Amino acid sequence: MQIDVLSLFPEMFSGFLSSSIVARAIDKEAIDVKLTDFRSFSTNKHRKVDDYAYGGFAGLVLQAQPIWDALEALLEQGPAPVIYFTPQGRKLSQSILEHYAKLPRVILLCGHYKELDQRVRDMAVSDEISLGDYVLSGGELAGMVFIDGVARLQEDVLSDVQSAVSDSFSDGKDGLGFPCYTRPEEWMGVKVPKELTSGDHAQIEAWAQSQARSLTHTRRANEIQPKLKGPMRLGSKS
Ligand code: ADE
């Protein structure tokens, strides 16, 4: 899968691309990430890429020209969906990642500080994606979330052991995963749920399903957020 990223801050991606599963996906040639600074396409003599908003609204707006030219250069190499990250987009989900992970190529467009001129959004963007209802300084973090999400879905990127971990939303599930435990069986006086050490596979499966169901209900079904715990202190159990 080829992933082209257009950003004013390509350096934000360097640690991310050289770590963990994403680095492995690149190493295995499951994904190929190319970073382009669209400032280099600006025809302005000062390489300016933004200007005041028509209508007198506060803030600057990214201009259409550098983004259009950068996209044109990328699309000359072949067709690809262009995904723009913005709080105004549809919310990213596992099924959106699964859809894009199957494609040979995508172009990710990351704005920064501000929105893009609507005309380039209308003419050149095929999908708009948001991480959630909050505002970040730019689309770069969303781009990284997207790359991580599609990289781990590529064949042979995750080892069997990694992919066996009870992923939320995977394998057609539309809910959250269940709580996981590892050794020791008792820690700080708290034991692993007895079902997990029963050796009875049907009981274990039923426990996992019921935990996942109730977690999904409390955290997702009604938008009421669960009560947060107070500050954690070493030495306390709650
Ligand atoms: N850019 C700024 N805020 C964002 C968000 N919440 N999701 C995606 N891109 C963004």
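Owing to the predicted nature of the structure, the values given are computational and were not obtained by experimental measurement. Note that ligands are numbered from 1 as they come in the structure, with each ligand's atoms numbered from 1 the same way. Side chains are part of it too, since the values below use all heavy atoms of this structure and drop only hydrogens, waters and symmetry mates. Numbers for residues simply follow the sequence, beginning at 1.
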(message) As a quick check of understanding, evaluate ring-ring contact (aromatic ring centres under 6.0 Å, His included) for Phe57 and Tyr52, giving each step before the final call.
(response) CA-CA 8 Å; Phe57 300 105; Tyr52 293 102; over 10 Å; no
(message) Applying side-chain contact (heavy atoms from CB on, under 4.5 Å) to Phe9 and Met12, what does each step give before you reach the verdict?
(response) CA-CA 6 Å; Phe9 297 91; Met12 284 178 72; 3.8 Å; yes
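Looking only at heavy atoms of the protein, atom 6 (N) of ligand 1 is closest to Tyr134 O, 2.7 Å. In this structure, atom 4 (C) of ligand 1 lies nearest to the protein heavy atom Pro87 CD, 3.7 Å. Annotation: atom 3 (N) of ligand 1 to nearest protein heavy atom, Leu136 N, 3.0 Å. Atom 1 (N) of ligand 1 has as its closest protein heavy atom Gly138 O, 3.3 Å. From the protein, the heavy atom lying nearest to atom 7 (N) of ligand 1 is Leu131 N, 2.8 Å.
Asp4 has a carboxylate O that lies under 4.0 Å from a charged side-chain N of Arg105, or vice versa, which qualifies the two as a salt bridge. Using a cut-off of 4.0 Å between Lys/Arg side-chain N and Asp/Glu carboxylate O, Arg121 and Glu128 are scored as salt-bridged.
For CD of Glu185, the number of neighbouring non-hydrogen atoms (other residues, nucleotides, ligands) closer than 6.0 Å is 12 at most. The local environment of NZ in Lys48 is crowded, with over 12 non-hydrogen atoms from other residues, nucleotides or ligands closer than 6.0 Å. Surrounding NZ of Lys91 are at most 12 heavy atoms belonging to other residues, nucleotides or ligands under 6.0 Å away.
Proximity of Ile129 to ligand 1, defined as any heavy-atom pair under 4.0 Å, is confined to the backbone N, CA, C and O atoms. Heavy atoms of Thr86 found under 4.0 angstrom from ligand 1 belong exclusively to the backbone. The parts of Ser130 lying near ligand 1 are both backbone and side chain, judged by heavy-atom distances below 4.0 Å.
Where the criterion is an N or O separation shorter than 3.5 Å, residue side chain and backbone included, Val135 fails it with respect to ligand 1.
Close approach of ligand 1 to Ala142 (heavy-atom distance below 4.0 Å) involves ligand atoms 8 (C), 9 (N).
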